[in-house]
There are 2 protein chains.
Amino acid sequence: MATSQNPPASTAIKRPPRLGDEVYNTIYAQLMSQKILPGSRISIDNLARELGVSQTPIREALSRLEAQGLVVKTHLIGFSAASQMDRTRLDQLYELRLLLEPFAARKAATLMSSEQFEALKRMTDDMRNDRGQGRVSYSEFARLDSQFHDLIAQASGNDLVQETLANLHTHVHLFRLFHHQQATSDANAEHAKLIEAFEARDQDRAEQAMRTHVERSYARFRSFFED
Amino acid sequence: MATSQNPPASTAIKRPPRLGDEVYNTIYAQLMSQKILPGSRISIDNLARELGVSQTPIREALSRLEAQGLVVKTHLIGFSAASQMDRTRLDQLYELRLLLEPFAARKAATLMSSEQFEALKRMTDDMRNDRGQGRVSYSEFARLDSQFHDLIAQASGNDLVQETLANLHTHVHLFRLFHHQQATSDANAEHAKLIEAFEARDQDRAEQAMRTHVERSYARFRSFFED
DNA sequence: CTTTAGCAAATACTATAGGATATACGGGAG
DNA sequence: CTCCCGTATATCCTATAGTATTTGCTAAAG
């Protein structure tokens, strides 16, 4: 099945791109890099003019972002970027994450392929190396951390759990970005514990390592609410 | 809070209704009652003509349904109702449900208000009474069962968990409908156990009762895949 | 002089209609 | 029987009309 859907690149015709996708990626990137601030209005008209497309693909992209909880819509008012999580929301998010992610790690410990494990290991190495470069590499750290967690969720074999965790992770990312939290060496040490457990294919240790990792992450974030 | 947002009807101004919502409810109802069969195409043009509105509100409604996983979209092809869950998907759904719903029941056992408990009790009574009327009352049973589970999730105090469970429940409903499974007296007995646990505010018993309920539900569904 | 109420213009969303293009289906030639 | 081609249908996107909200200005009252 390798070449069946890959005719020689020379003959490959360009299919009409989905404008909705392009718009989605553009807005998503702007949200994730705080070019659009939490709570600020997002005008359909302005976006249509800026991006040089009509309103329909804009609406489609914003609908998808709304389903992810990244933007909210108010009737006859319009879209705006989701406001920053409050304390209650953060608690709920981590409560859910603590239910899902240690479980995913436990399953991944037995189901993970060696290719997946190698990829995971490379990511942790890259994250450690990048950290030395200081704050400019945070976006790269965030990207790798996101991939790291997503790969574990994927290795759990449960698509629904993977999707749910991916969604939670985008909100964690936004929260971290908003509060200017740096990548910590703590996180890297916790990732290392996870790698060890996966290498040993030890379910209990993997679950426990993930639980510890998530709990510590929670503790690091909670401090932002204590004044 | 009763009258605060209900000024005298005479002065009440009519706000323009959201056509997208009306369309959403219409399509949702048709999906949930199998007027639209799983996998069948859903034409935007046809819907627009049938409902007497233009394409924009149709697309908005379908986008929301797509986010729920009830319809799928293929570029340049269009929308179609999601195909029926296969065995793998059912396994994944129940794996997730078993992570969330017993936990929700445990939390609800301590957090539930007496009003919520009374409402819950009324639902179980109604479900038992309705059952005697035979198959015509299935839709009513489904509605009450959905409310029953949603109320417990709500009482857990975690909105994210509640939303996730609500979404899972719609798919369970579709699966049950497709396989013509009747409301079982087993389910009513399992609900009764839950009620007992909530009345005693016993976390362990509530969690265990819910786990048993979900596991038995899983077993009832799994039988459809054994030929 | 400051503040508030009311009106008017601009802004932006909702919904409609129409044009360009890709897919699907059916008939005919090889 | 297979393959190619033309027609029909539906989607994707654009452009535009219709309305609700918002903003800013003016005027009047405290």
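What's counted below: heavy atoms across the whole structure, side chains too, no hydrogens, waters or symmetry copies. In what follows, chains are A, B, ... by sequence order, proteins preceding strands, each numbered from 1. This one's a predicted model, so the numbers in the text were calculated from it and none came from an experiment.
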task = Have a look at A:L62 and say if it touches a base, only the backbone sugar-phosphate, or nothing, with a 4.0 Å heavy-atom cut-off.
result = nothing

query = Between OG of B:S80 and CD of B:E66, what distance do you get to the nearest 0.5 Å?
reply = 9.5 Å

[X] [atom1] to [N] [atom2]: how many Å, rounded?
X     : N      : atom1 : atom2 : value
A:R18 : C:dT23 : CZ    : P     : 12 Å
A:I58 : D:dA15 : CD1   : C1'   : 15 Å
A:I77 : C:dT11 : CD1   : C1'   : 12 Å
B:Q55 : C:dT14 : CD    : P     : 17 Å
A:R49 : D:dT14 : CZ    : P     : 14 Å
B:L19 : D:dG18 : CG    : C1'   : 13 Å
A:F79 : D:dT21 : CZ    : P     : 17 Å
A:L47 : D:dT14 : CG    : P     : 13 Å

Among [options], which nucleotide sits nearest the side chain of [X]?
X     : options                : result
A:T56 : C:dA24, D:dT14, D:dA10 : D:dT14
B:I44 : D:dT11, D:dA10, C:dA12 : D:dT11
A:N46 : C:dA12, D:dC12, D:dA10 : C:dA12
B:P57 : C:dT23, C:dT16, C:dT14 : C:dT16
A:D45 : C:dC13, D:dT22, D:dC12 : C:dC13

So, OP1 or OP2 of [N]: does either fall under 4.0 Å of a side-chain N or O from [X]?
X     : N      : result
A:R59 : C:dA15 : no
A:S43 : C:dC13 : yes
B:R41 : D:dA10 : no
B:S54 : C:dT14 : no

key: B:F175 and B:F221 aromatic ring geometry - parallel, tilted or perpendicular at 30°/60° bounds   = perpendicular

query = Should the ring pair B:H213 and B:H191 be called parallel, tilted or perpendicular, given that the plane angle runs from 0 to 90° and is split at 30 and 60?
reply = perpendicular

query = Looking only at side chains, do B:T170 and B:Y28 share a donor and an acceptor under 3.5 Å apart?
reply = no

query = Is atom CZ of B:R143 surrounded by more than 12 heavy atoms (other residues, nucleotides or ligands) closer than 6.0 Å?
reply = yes

